[in-house]
Each structure stands twice: as structure tokens, then as C-alpha cells.
J.: 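Below is the structure I would like to discuss, written out as C-alpha cells.
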Amino acid sequence: MPRFYLTTAIDYVNSRPHLGTAYEKITADVIARYKRLGGVDTHFVMGNDEHSQNVFRRARELGQEPLAYCDRMEQEFRDVWRALDLSFDDFIRTTQPRHKAAVETIVTRIAAAGDLYQADYEGWYCVGCEAFKQEKDLVEGLCPIHRTKPDWIKERNHFFKLSAYRDRLLAHFAEHPEFLQPDVRRNEILRLLDAGLEDISISRAGQSWGIPLPTDPSSVVYVWFDALINYASAVGLGTDPALFDTWWPADLHVVGKDITRFHAVIWPAMLMSAGLPVPRQVFGHGWVHLRGEKMSKSLGTAIDPLEAAQRFGADALRLFLTKEIPYGADGDFTFERFEERYNADLANNLGNLVNRVTAMGARYRQGHLTPTGSPSRLQDLAATTVREYGAAMDTYALHQGVASVFRLLDATNEYLAERAPWTLAKDPANAAALDEVLFTAAESLRLATVLLGPVMPASTQAILARLGDHTPLVDRRLAVDGAWRAAGARTVAAGEALWPRVVSADPTTPDVTAAPAPVQVRALSGVSSVPEDQSSATPVSPVAAPAAPAASAATPAPTSAEPAPSEDAVITIDDFMKVELKVGKVLAAEAVPKSKKLLKLTVQDGAASERTILAGIAESYTPEAIVGRTIAFVANLAPRPMMGLVSHGMVLAADTDGKAQLIAFETPPAPGTRIR
RNA sequence: GCCGGUGUAGCUCAGCCGGUUAGAGCAUGCGUCUCAUAAGCGCAGGGUCGGCGGUUCGAGUCCGCCCACCGGCACCA
């Protein structure tokens with residue numbers, strides 16, 4: 001029997017899943033159920049990503065042990081997934097022993113392959129700046145800020161030789177065009193590969209929350225490196241060789257478009273290094289927007305999938321998300337549109353069709369339908385539909401697959417209007433014709449319902465039962481149940497409306513936008529946490545991972561790009577007082593040439609002194625709008641060169657999903673005033 | 001700034017290698033049937049196919065330039 005191993009990204013557990021997360025799982029579930037319908041032995045795995053500092057911190061905030069916190073969150077996630085009828089076969093957690101075994105296996109094999117080198121990261125280091133310097137930052141070999149020659153120093157770390165795999169990855173992409181879909185994502189990654197790869201740091205020193213690096217137990221495996229391995233640990237790498245042989249390599253990783261690079265570049269390189277087969281395909285799906293806007297937890301605009309499901313049922317939500325959003329592209333969700341589609345597709349079309357077919361069967365034939373064997377145009381169309389449906393679903397054009405089924409439903413409604421069984425029923429002489437029409441319509445509907453099974457598992461099963469097809473869901477096969485049955489009497493049963501038509505005065509939901517969460521105050525703007533908000537999926541902060549912690553001579557940053565949170569999230573007043581916050585007045589502002597985000601500000605920082613600060617707020621403020629404003633800034637930050645200029649400080653702004661909002665004062669204090 | 005994508009009826013989108021009056025679904029209006037969830041079926045209105053220019057007998061479909069929006073990279077201490 002053919003096999004199919006399917007995964008979704010594993011999720012951070014620092015907050016509950018929202019509609020964007022649910023979208024990924026639902027579409028993956030549709031694929032899994034479609035495969036099973038096709039008679040494919042399918043293994044569908046989901047899970048949670050728990051070795052994140054954010055998770056650790058969140059648990060601490062709540063005064064809980066991290067693991068206990070993760071246990072609780074697993075239950076919350078499972079509750080949501082159950083409500084959405086997700087048919088995963090296994091649920092992996094990165095804190096499980098089997099995952100630890102797999103991580104150790106892979107890291108050990110990578111080390112054995114010689115692709116892991118103990119950091120000793122080298123680079124130019126300016127003592128004045130307290131920072132590593134890139135070659136390109138130096139002016140005639142000197143630090144542009146301090147006019148001194150930086151030192152060449154070393155710092156310990158563990159790196160994976162990602163750069164060594166560029167050619168093999170390029171070759172793989174060339175040989176397997178289907179490896180990364182859709183094509184937009186593929187092109188992006190190809191360009192990234194063209195630009196070259198840098199080695200990546202895979203360890204974090206001095207942390208306890210994580211899996212110790214086998215080659216250096218004083219460090220833990222960096223969270224996203226750890227997370228990727230879940231796909232292998234879930235099928236027994238390092239714990240169950242037989243299971244692993246059965247399922248590996250994975251056939252499909254369904255992930256958000258923001259993390260395709262982890263799955264299409266780093267993950268295959270890791271596997272190549274470890275001498276393991278790479279997954280057959282990665283699919284990067286798009287986002288679900290809310291009213292055209294990115295859904296955001298911090299703005300309180302994230303939709304609770306449970307609320308959406310409760311509104312019209314889980315199956316209705318599953319249908320909406322699969323049918324209305326071209327798979328791979330971004331889509332838009334609104335309750336108005338959801339209701340509109342619910343009424344059109346489910347109440348008026350499918351639901352009503354079920355009712356009229358079964359009602360007429362009951363009324364004219366006491367539920368007993370007998371075949372007459374006469375071919376009809378519906379039978380031909382059904383064959384075409386099955387073909388189109390299969391072709392679409394096989395290439396994950398889920399929306400097209402579903403659309404083709406609805407064309408068959410439309411045709412069935414037309415057929416009834418054309419043959420008018422209610423008229424035939426008036427004259428006993430038409431008994432044979434009436435039998436033919438009732439049977440044909442019921443069979444067409446039955447077949448269409450089978451095809452919708454992967455999308456709406458519960459309700460299609462209910463419809464089929466009413467149509468006299470009592471095959472258990474697990475035994476349903478496309479080749480058998482998706483074929484037109486010209487023979488075999490059956491019994492249909494009338495019943496309640498499955499999807500009563502709904503008309504609400506105001507389908508918008510006020511509670512969605514009700515309570516915006518507090519906005520993070522963060523120095524400088526623009527650093528949005530997309531993965532947290534939107535995909536909340538696996539391999540963590542893409543901003544932090546591949547590009548930044550690199551070891552090539554060209555890159556500084558000894559470890560990660562993240563500010564390396566200490567084991568304690570709490571700081572003392574002494575720590576805080578090290579930061580010198582001051583009031584400043586913007587004397588002049590101009591856009592930095594060739595930069596999209598930077599404004600160059602001339603800030604009065606004392607009675608008669610001024611300094612230059614570069615601020616990443618150009619997407620939120622024009623230079624004119626900011627001149628004359630009184631702002632807050634960090635005064636004692638090490639100078640930093642950017643875009644050929646040097647910034648002496650950092651402006652404070654609230655960060656609401658990439659949109660900066662400067663801090664304002666009721667009555668502007670004099671420039672230079674200390675803030676604390 | 002570089003790279004890529006999108007821009008077609010009120011809304012969501014189809015339109016392959018250029019070829020008769022540009023399509024579908026939803027929404028709207030009218031008509032009609034009555035088995036059915038005021039559902040079904042039929043008909044209709046509605047589009048300078050983002051803009052300008054070019055190639056061609058002929059362009060939504062090819063080429064160039066421009067505009068808008070989206071995404072990726074650089075950049076965001």
C-alpha cells in the first residue's frame with residue numbers, strides 16, 4: 001500500500017492557537033483525509049514547539065514550571081484541534097524523550113560528518129563599540145566611530161556548515177521542481193541560494209531550557225534547530241528504526257510561507273549532512289487576513305477558531321477556508337463573507353439539495369429508490385468531476401478540487417428543475433421516469449458528498465447515512481465510493497435541515513476587536529514578530545536565525561540576533577539604571593538614501609548639544625511630521641553604523657505590528673532631561 | 001534601492017502557445033416552478049480587461065515605459 005507522511009509546523013505554546021494557525025492545520029487535515037480516501041496509508045503529525053525562551057519566560061511569569069505549563073497548553077491545543085475535527089495520528093512535543101533522542105542522533109551524525117565546528121568565531125572587535133565589526137563597516141581598516149583599529153578576537157560557539165550545502169541544494173531544486181511549492185516561494189529560495197549561504201549558529205550557551213548539545217553539554221541546541229528535527233523524531237529516529245524506515249522521508253511538510261526557508265534550505269541541509277533522505281515536498285501556505293489586515297494578537301484582531309467554528313459549525317469553517325482561499329495565496333476572512341458563503345454553499349445549495357432529494361424519495365417512494373440503469377448527463381459529469389477533483393487535489397489546488405464538486409451539485413439542482421419529478425409524480429404512467437430521476441439525483445448527490453468528505457468529515461458522513469450509504473468513514477475509498485453506482489436499491493431518509501439558513505443583522509463580531517492587548521514598548525520600531533502573531537509556527541524567529549548568527553568572516557554578531565535573554569527575565573533597578581534614557585528634540589529629519597525604514601534625525605540632547613540618531617520609523621513617519629517633536633531616546637548606546645551613517649542612540653517607540661508610534665509628552669521637557 | 005508577483009463586472013476570482021459579441025460564482029433586478037432551508041431554475045443589468053505607447057490583419061493575452069498594491073532581500077540597537 002502506498003504511504004504518505006504529512007506534517008504541519010509545530011506551534012509555540014506561549015498563546016492559544018488563532019485562526020491563522022488553525023488554517024494551516026485544517027488544510028493539512030484535508031490533504032490527509034484526501035490521501036486516506038485514496039487508499040493511501042497516511043501518517044499525519046502535528047505538535048508543539050516547547051523549547052523556546054518565550055515559553056520559558058511565559059511559564060515563569062505565570063509562576064509555573066515550564067514543563068507543567070507546556071502540559072497545560074498541550075491540552076488547550078488539543079481541545080481546539082478536536083473541535084476542528086483534525087485527524088492527526090500523532091502529536092509530537094519537543095520536550096518528549098523521543099525528540100531528545102532524535103536531536104542527539106542528528107546532531108551527532110552532523111558532527112561525525114564534520115559539519116559541526118566548535119565555534120571559535122573570529123572577527124574584528126572594536127573595544128570602544130563593544131561589538132563585532134564587519135569588514136564592510138571598517139574604513140581603511142579602522143572603526144569609523146572610534147578611529148581605532150579593531151582587535152581580531154575569537155569567541156566560542158557551535159556552527160553548522162550550511163554554506164557547504166549550497167551546491168547540493170541547488171542541484172536538488174533543479175532535479176525536483178516540485179520540492180518547494182508554490183512557485184513564488186521556490187523562486188524566493190532560489191534567489192537566496194544564489195546569494196550564497198552562511199554557516200549558522202546552532203547552540204545557545206548558559207541556558208537550561210532545551211536539549212543539551214551532545215558535543216558540549218554546557219550549551220543547548222538552538223530552538224529552531226531543535227524544532228525542525230521533530231519531523232524525524234515523531235517517526236522514531238533514534239528510538240524506533242523500523243518505524244523510521246516505514247515513514248521517512250516525509251512526503252509533505254505544510255508550513256507557513258514565512259518559514260519555508262527553514263524547511264527548504266536548512267532542514268534538507270541538516271538531513272544531507274546526517275546522511276538521511278530529504279523530505280519530498282514542502283508547501284508554503286499563505287496567511288488568512290481579517291478584513292484585509294494582518295491578524296495580530298497584539299492588536300487583538302486575532303480570531304478565535306473556536307468562535308468561528310461555533311458560529312456555523314466546524315465543517316462550515318473548514319469548507320470556507322479550503323474553498324474560498326486559493327491554496328498557497330493569502331486569503332481574507334470576515335464573518336460577513338463567512339455567513340454569505342455558508343448560506344450560498346451549504347444552506348441553499350448542498351443542504352437544500354439533500355433535503356429535496358430525500359424528501360421526494362420519502363414522499364413518492366417511501367424512501368426506497370430503485371435503479372433503472374439509464375445513463376444520464378449527470379453520470380458523465382460525475383466522471384469528469386472525479387477526474388478534475390483528483391487532479392486538483394493531487395497538486396494541492398484544494399480550492400479547485402472543491403469548486404469542481406460544487407459544479408456537480410449545481411448540475412444536480414438543474415437536473416431536478418429540468419426533469420421536475422414533482423410533476424412526474426402526478427401521473428402513475430410516469431412511474432419509471434420518476435424512479436430514474438430520483439435515483440439519478442440521489443446518486444449524483446451521494447458521489448459529490450463522498451468527494452467533499454475530506455473537507456467536511458462529520459456532515460458528509462451524516463448526509464451519506466441519509467442517502468442510504470452507511471460505509472464507515474475509515475472504509476471509504478475514492479475508487480469505490482467515488483464511482484457512479486448504476487445499480488443497487490437504496491433507502492433514503494428525510495430529516496432536519498443540516499445547515500439552516502442564517503441571516504444576521506450585523507454579522508460583524510464586536511468581541512473580536514474588543515480588547516486590544518497592551519502594545520509592546522520597544523526601542524526602535526519595525527521589528528515585527530510575524531511568526532509569533534501569524535503563523536506561530538515552528539522554527540522560530542526567522543529574523544533571528546539563518547542570516548544573523550553566521551560565522552563567515554563577513555558577519556559579526558557572535559551568537560544570535562536575538563538579544564540573548566538571560567535565564568532570569570527579571571532585572572534589578574541597577575540593571576535598569578545602566579540605560580540612560582533622555583528627552584530629545586528633533587531639530588531636523590531626512591530620509592536616509594536607499595533605505596526604506598531609516599530616518600536620519602538631528603536631535604538636540606542638551607542645552608546646546610546635538611547628535612545624530614538613525615531611527616527605523618520611515619514607514620510610519622515622514623521627515624516633516626517629526627521635526628520639532630520631543631522624543632525619548634537611549635543616550636548611552638554604543639554608536640552603530642548603518643547604511644553608511646552612524647547612529648548615536650535609539651529612539652523609543654511603541655511597536656504595533658511594524659507600525660511605529662513615538663512616545664509623546666504631555667508638556668515637553670527640556671532636551672537632555674533624564675527619563676526613568 | 002534590487003528581485004518577484006498582482007492589478008479583469010459591486011465582491012471573490014477563471015481566462016492555455018494572441019483570433020468571432022470578455023467568462024464563472026456570490027450579490028442585485030425581473031420572471032418561473034413548488035419537491036426543498038422565502039431555498040431551486042431561467043433571464044437581465046453591470047467591465048475604457050490599472051494607465052500610456054508599440055508590434056500585429058488582429059492584444060485582456062506579446063514588448064517598452066509609468067502608476068498602485070503585495071511579497072522577498074538590503075536596512076530597522
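In what follows, chains carry the letters A, B, and so on, assigned in the order in which the sequence lines appear, proteins first and then strands, with residues in each chain numbered from 1. Here the structure is a predicted model, which means the values were calculated and not measured. All heavy atoms count here, side chains included; hydrogens, waters and symmetry mates do not.
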J.: I want to confirm an ordering. Mapping A:Glu324 and A:Asp345 to their closest nucleotides on RNA chain B, which one lands closer to the 5' end?
T.: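 Residue closer to the 5' terminus by nearest nucleotide: A:Glu324.
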
J.: Give the minimum heavy-atom separation between A:Arg466 and A:Glu496, together with the two atoms involved.
T.: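 Between these two residues, the closest heavy atoms are NH1-O, 2.8 Å.
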
J.: Is A:Arg377 salt-bridged to A:Glu418, going by a charged N under 4.0 Å from an acidic O?
T.: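 Looking at A:Glu418 together with A:Arg377, the answer is yes, because their closest N to O distance falls below 4.0 Å.
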
J.: Which residues pass the side chain to side chain contact (heavy atoms under 4.5 Å, CB included) test with A:Asp435, sequence neighbours left out?
T.: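 Residues passing side chain to side chain contact (heavy atoms under 4.5 Å, CB included) with A:Asp435: A:Arg365, A:Thr370, A:Thr372.
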
J.: Whole-Å distance between B:U6 P and A:Trp287 CH2?
T.: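 So the two atoms are 20 Å apart, to the nearest Å.
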
J.: Expressed in whole Å, how much space separates the P atoms belonging to B:C3 and B:G46?
T.: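 Comparing P positions in B:C3 and B:G46 gives a spacing of 43 Å.
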
J.: So which atom in A:Leu180 and which in A:Ile189 form the shortest heavy-atom distance, rounded to 0.1 Å?
T.: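 Distance-wise, the nearest heavy atoms are CD2-CG1, 3.4 Å.
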
J.: Reading nucleotides 30-36 of chain B 5' to 3', which nucleotides get B (base under 4.0 Å from a protein heavy atom), which S (sugar-phosphate only), which -?
T.: ---SSBB

J.: What pattern of brackets, bars and dots sums up RNA chain B from 5' to 3', given Watson-Crick or G-U wobble pairs under 3.5 Å, [ ] for crossing pairs and | for another strand?
T.: (((((((..((((.....[...)))).(((((.......))))).....(((((..]....))))))))))))....

J.: Using a strict heavy-atom distance below 4.0 Å, which residues from residues 182-191 of chain A are in contact with RNA chain B?
T.: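 Residues of residues 182-191 of chain A that come under 4.0 Å of RNA chain B are, in numerical order, A:Arg185, A:Glu188, A:Arg191.
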
J.: Go through residues 430-445 of chain A and report each residue with a non-hydrogen atom lying under 4.0 Å from RNA chain B, sorted by number.
T.: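 Per residue number, the list is empty: none.
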
J.: Output yes when A:Arg407 and A:Glu388 qualify as a salt bridge under the 4.0 Å nitrogen-oxygen rule, no when they do not.
T.: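 Salt bridge present between A:Arg407 and A:Glu388.
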
J.: Is the shortest side-chain N/O distance from A:Arg341 to OP1 or OP2 of B:U12 below 4.0 Å?
T.: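 For A:Arg341, the contact criterion (side-chain N or O under 4.0 Å from OP1 or OP2 of B:U12) is not met.
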
J.: Looking at the side chain of A:Arg261, which of B:C26, B:C73, B:C75 is the nearest nucleotide?
T.: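 Comparing B:C26, B:C73, B:C75 against the side chain of A:Arg261, the answer is B:C73.
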
J.: Between A:Glu414 and A:Ala347, name the one whose nearest nucleotide on RNA chain B is closer to the 5' end.
T.: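 The answer here is A:Ala347.
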
J.: Once salt bridge (charged side-chain N to carboxylate O under 4.0 Å, His left out) is applied, what residue pairs with a partner in residues 317-330 of chain A remain, sequence neighbours excluded?
T.: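 Qualifying pairs, neighbours excluded: A:Asp29-A:Arg318, A:Lys257-A:Asp330, A:Lys323-A:Asp345, A:Glu324-A:Arg337, A:Glu324-A:Arg341.
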
